Asker: 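Structure incoming, see below.
The shown structure was predicted, so the numbers you read here are calculated from the model rather than taken from an experiment. All residue numbers refer to positions in the sequence shown, counting from 1.
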Amino acid sequence: MTLTRRPRLALFAALAVLMAATRLNHFGAVPDASWAVFLIAGFYLAGSVRWAFPALMVLAVAVDYVVITGSGLSFWSHYCVSPGYWFLLPAHFALWAAGAGLARFGQGQPLRQLAGLAPAVLGGVAACHLFAQGGFYWLSSSVAAPTVAGWAKNYADWFLPYLGTTALYVGLAAVVHALVLLMQRAAPAAARDAGR
């Protein structure tokens, strides 16, 4: 789906607000939509990767900064901000790439894209989690004695919750996408019927 400038900016703004609102309370009642936002942005904004991806990354870091410093802690000494924090760049880009790949897969064929949705989410989350969790596990001083077995267990423990949350938001986006397509198809028929 190719978006013109105004809808593209509106979608970017909506995704940015969703990410900021849910990332502010990362473990709150409303789950963090960040991973889904990067995948959805990759799907709709793939052609805008040069500005949209960096802007979303800056927003994610800014929200983290506000949350950490707002709780009275130093951003740079917080346990989440280790050398592994830099791995959020390839982690979030893996989700963006999954979304962009899905957009290219069966372009203009919604049923084919729907068939590719689950593999895109699964692959994107698996790669993102590999970078994000791996960077934290291996490079953070929070893990006293990292081992391959410990890393594998940690990866497995957190994979399904992150997959479920991402799938929930992406699924909701897919429903909205389908409704928009149905309305777009119904509009010309309604206009023809009104002209009779």
Asker: If you round to the nearest 0.5 Å, how far is CG of Leu88 from SG of Cys128?
Answerer: 7.5 Å

Asker: Tell me whether Val175 is reachable from Leu181 by hopping between hydrophobic residues (I, L, V, M, F, W, Y) whose side-chain heavy atoms are closer than 4.5 Å.
Answerer: no

Asker: Can Leu168 be reached from Val170 by stepping across I, L, V, M, F, W or Y side chains whose heavy atoms are under 4.5 Å apart?
Answerer: no

Asker: Please tell me whether Phe43 and Trp96 form a close aromatic pair, meaning their ring centres lie under 6.0 Å apart.
Answerer: no

Asker: Decide yes or no for Gln133 and Asn154: does some side-chain heavy atom of the first lie under 4.5 Å from some side-chain heavy atom of the second?
Answerer: yes

Asker: Please answer: with hydrophobic residues joined when any side-chain heavy atoms are less than 4.5 Å apart, are Leu18 and Leu9 in the same cluster?
Answerer: yes

Asker: Taking Tyr169 for its side chain and Pro31 for its backbone only, find out whether a donor-acceptor pair lies under 3.5 Å.
Answerer: yes

Asker: Apply the ring pair (Phe, Tyr, Trp, His ring centres under 6.0 Å) test between His92 and each candidate in Phe87, Trp86, Phe38; give the one that qualifies.
Answerer: Phe38

Asker: Search all heavy atoms of Ser142 against all heavy atoms of Phe136 and return the closest pair with its distance.
Answerer: CB-CZ, 3.8 Å

Asker: Between Ala41 and Leu56, which heavy-atom pair has the shortest distance, and what is it?
Answerer: CB-CD1, 3.7 Å

Asker: Describe, in one word, how the ring planes of His129 and Phe159 are oriented to each other, choosing from parallel (under 30°), tilted (30 to 60°) and perpendicular (over 60°).
Answerer: tilted

Asker: Tell me the closest heavy-atom pair linking Thr165 and Asp32, and the distance in Å.
Answerer: CG2-O, 3.4 Å

Asker: Find the distance between SG (Cys80) and OH (Tyr85) and round it off to the nearest 0.5 Å.
Answerer: 8.5 Å

Asker: With sequence neighbours left out, which residue pairs that include part of residues 53-74 fulfil the salt bridge (Lys or Arg N to Asp or Glu O under 4.0 Å) condition?
Answerer: Arg23-Asp64

Asker: Could you give the distance from CG (Leu15) to CG (Leu45), rounded to the nearest 0.5 Å?
Answerer: 6.5 Å

Asker: Can you tell me how far the CZ atom of Phe105 sits from the CZ atom of Arg112, to the nearest 0.5 Å?
Answerer: 4.0 Å

Asker: Any donor-acceptor pair under 3.5 Å linking the side chain of Tyr137 with the backbone of Thr147?
Answerer: yes

Asker: Identify the heavy atoms of Ala120 and Leu102 that sit nearest to each other, and give their distance.
Answerer: CB-CB, 4.1 Å

Asker: Calculate, to the nearest 0.5 Å, the distance between atoms CG and OG1 belonging to Leu95 and Thr166 respectively.
Answerer: 6.5 Å

Asker: Following the transitive rule for hydrophobic clusters with a side-chain heavy-atom cut-off under 4.5 Å over Ile, Leu, Val, Met, Phe, Trp and Tyr, establish whether Leu39 and Leu172 coincide in one cluster.
Answerer: no

Asker: Do you know which two heavy atoms are closest between Ala55 and Phe12, and how far apart they sit?
Answerer: CB-CZ, 3.6 Å

Asker: Would you indicate whether the side-chain heavy atoms of Ser34 and Val37 approach each other to under 4.5 Å?
Answerer: no

Asker: Quick one: pull up CG in Leu114 and CD in Gln109 and give me the separation to the nearest 0.5 Å.
Answerer: 12.5 Å

Asker: Mind listing the closest non-hydrogen atom pair of Trp138 and Val148 along with its distance?
Answerer: CH2-N, 3.8 Å

Asker: Are Val58 and Phe53 packed together at the side-chain level, in the sense that at least one heavy-atom pair is separated by less than 4.5 angstrom?
Answerer: no

Asker: Transitively linked via ILVMFWY side-chain contacts under 4.5 Å: Met19 with Trp51?
Answerer: yes

Asker: Is the terminal nitrogen or CZ of Arg8 (NZ for Lys, CZ for Arg) located under 6.0 angstrom from the six-membered ring centre of Tyr44 and within 45° of that ring's axis?
Answerer: no

